[in-house]
Amino acid sequence: MPQTALKLYPPPGGELAPEEIYATLELPGGKPYTAINMVSTADGRAAIGGRAGRIGSATDRGNMNRIRAAADAVMSGAGTLRKEGVNFELPDELVRLRRRRGLPGQPLAVILTGSGELPAGRSVFRRSRESVVVMVPETLPEKKEAEISRFATVRRAGGDRFPDLRRALEILHGEFGVRRLLSEGGPSVNHALLRAGLADELFLTLAPKLSGNAAGPGIVSGEELNPEARQNLRLETLYAHGSELYLRYRILK
Ligand SMILES: NC(=O)c1ccc[n+]([C@@H]2O[C@H](COP(=O)([O-])OP(=O)(O)OC[C@H]3O[C@@H](n4cnc5c(N)ncnc54)[C@H](OP(=O)(O)O)[C@@H]3O)[C@@H](O)[C@H]2O)c1
């Protein structure tokens, strides 16, 4: 990879160090303001061999951490947690940056599940119980809730099969003070957020790789979105490092 990255949009473009991409990112607050961050292959797949970690470069992972650092909470579906073992921990320099901004060192971790089938051994559950919120549907059996409560804070967020996302976001805002939420998918959770009109922007890394697996997930997966939910995207910024592209889109509602 070359030493410098490029800012390509908006003009004027210019060179910058890869670590400067999103280094000064600030997300606007809301109830909460919700951004999605995903990485995709050039043929539109969100996983290679069932994992996203094999798609993006070290620069993409650095960007992911800097976007996380701008959020009060980082959220993921249980499907991603089961496949990937996501760990939302930020490195020390970003912890210090957040503290300088008057924020807790680490963003709140949020997991969404319908079944309550969570891999308890994942590193995200080694955090304190207060710093991990698991959103479950109203119908989750009490026994399951008690099991999850051993390692995380559980909230019932309405819903039958899955937690109701609108309610889940209301709880995050009202009870946990989350004004800026980052969803790291996966594709099913992204679909649910878009269908409900709850997503405000999309960070998308387009990696210079091909999957070839037509059956693999894309960055949004579910039924075709209806016209109201099929929001248009407006490009806000575009960076490149080597052949990898980093797009930031506003989701127009
Ligand atoms: N490229 C990327 O940036 C990226 C990012 C994340 C994930 N991925 C890839 O995506 C794949 C996993 O896809 P996925 O769609 O299974 O992941 P997902 O969206 O993380 O998980 C889906 C699960 O989330 C739970 N859920 C809670 N509320 C939901 C709601 N309202 N709607 C839908 N689901 C809800 C359900 O868990 P229960 O089953 O417990 O009910 C559901 O099965 C993996 O291969 C992973 O590598 C890629």
Side-chain angles (χ1 to χ4, degrees), residues 1-28 33-71 74-76 80 83-98 100-101 106-107 180-187 190 199-213 216-220 232-251:
M1 286 280 243
Q3 298 223 312
T4 53
L6 295 172
K7 180 187 167 204
L8 300 172
Y9 186 84
E15 292 192 355
L16 72 171
E19 313 76 58
E20 288 177 301
I21 300 172
Y22 302 140
T24 56
L25 178 71
E26 285 188 34
L27 299 174
Y33 183 86
T34 302
I36 294 173
N37 182 28
M38 297 293 285
V39 59
S40 169
T41 63
D43 56 341
R45 300 279 76 86
I48 293 181
R51 312 218 16 208
R54 296 176 181 158
I55 302 177
S57 67
T59 303
D60 173 54
R61 290 188 288 279
N63 289 348
M64 177 181 75
N65 279 334
R66 289 184 285 278
I67 299 168
R68 286 175 176 173
V74 184
M75 180 168 89
S76 168
T80 300
K83 285 261 172 150
E84 301 261 355
V86 281
N87 180 349
F88 302 130
E89 287 302 280
L90 291 176
D92 289 348
E93 74 271 14
L94 290 174
V95 169
R96 286 194 292 273
L97 174 81
R98 284 175 59 87
R100 283 200 298 278
R101 290 176 177 169
Q106 300 285 349
R180 295 156 307 177
L181 175 66
L182 175 65
S183 170
E184 295 191 351
N190 288 345
D200 296 295
E201 64 176 279
L202 169 67
F203 290 89
L204 174 65
T205 296
L206 199 58
K209 290 195 178 155
L210 293 168
S211 144
N213 175 11
I219 63 164
V220 180
N232 290 318
L233 306 177
R234 185 182 68 211
L235 186 64
E236 298 284 306
T237 58
L238 170 59
Y239 296 92
H241 185 213
S243 301
E244 199 167 65
L245 301 177
Y246 315 104
L247 303 110
R248 181 183 182 187
Y249 290 110
R250 176 87 200 176
I251 297 172

Closest non-hydrogen atom pair, Tyr33 against Pro28: CB-O, 3.0 Å

May I ask you to decide if Gly56's main-chain N or O and Glu244's side chain share a donor-acceptor pair within less than 3.5 Å? no

Thr237 and Leu235 have their tightest heavy-atom pair at O-CD1, 3.4 Å

Do the side chains of Asn63 and Tyr239 get nearer than 4.5 Å, heavy atoms only? no

Quick check against the 3.5 Å criterion: does Asp200 have a side-chain atom that pairs as donor or acceptor with the backbone of Thr34? yes

Do Arg180 and Glu26 sit within salt-bridge range, that is, some charged N less than 4.0 Å from a carboxylate O? no

State, with a plain yes or no, whether a side-chain heavy atom of Leu182 is found less than 4.5 Å away from one of Pro107. no

Should we count NZ of Lys83 as having more than 12 external heavy atoms under 6.0 Å? no

More than 12 heavy atoms from other groups under 6.0 Å of CD on Gln3: no

Shortest non-hydrogen contact from Glu201 to Tyr249? CB-O, 3.1 Å

Should Leu233 and Leu247 count as side-chain neighbours, where that means a heavy-atom distance under 4.5 Å? no

Minimum heavy-atom distance between Ile55 and Ala47, given as atom pair plus value: CD1-N, 3.5 Å

Are side-chain heavy atoms of Arg68 and Phe88 found at a separation under 4.5 Å? yes

Indicate the atoms forming the closest heavy-atom contact of Pro187 with Pro217, along with that distance. CG-CB, 3.9 Å

Does Arg248 reach the side chain of Leu25, with side-chain heavy atoms less than 4.5 Å apart? yes

Pair Tyr22 and Phe203, ring centroids less than 6.0 Å apart: yes

Less than 4.5 Å apart, any side-chain heavy atom of Thr80 and any of Glu184? no

Can you tell me if Asp43 and Thr41 form a side-chain donor-acceptor pair at under 3.5 Å? yes

Within-4.5 Å side-chain heavy-atom neighbours: His241 and Ser57: no

Which atom names give the shortest non-hydrogen contact between Arg66 and Pro18, and what distance separates them? NH2-O, 3.3 Å

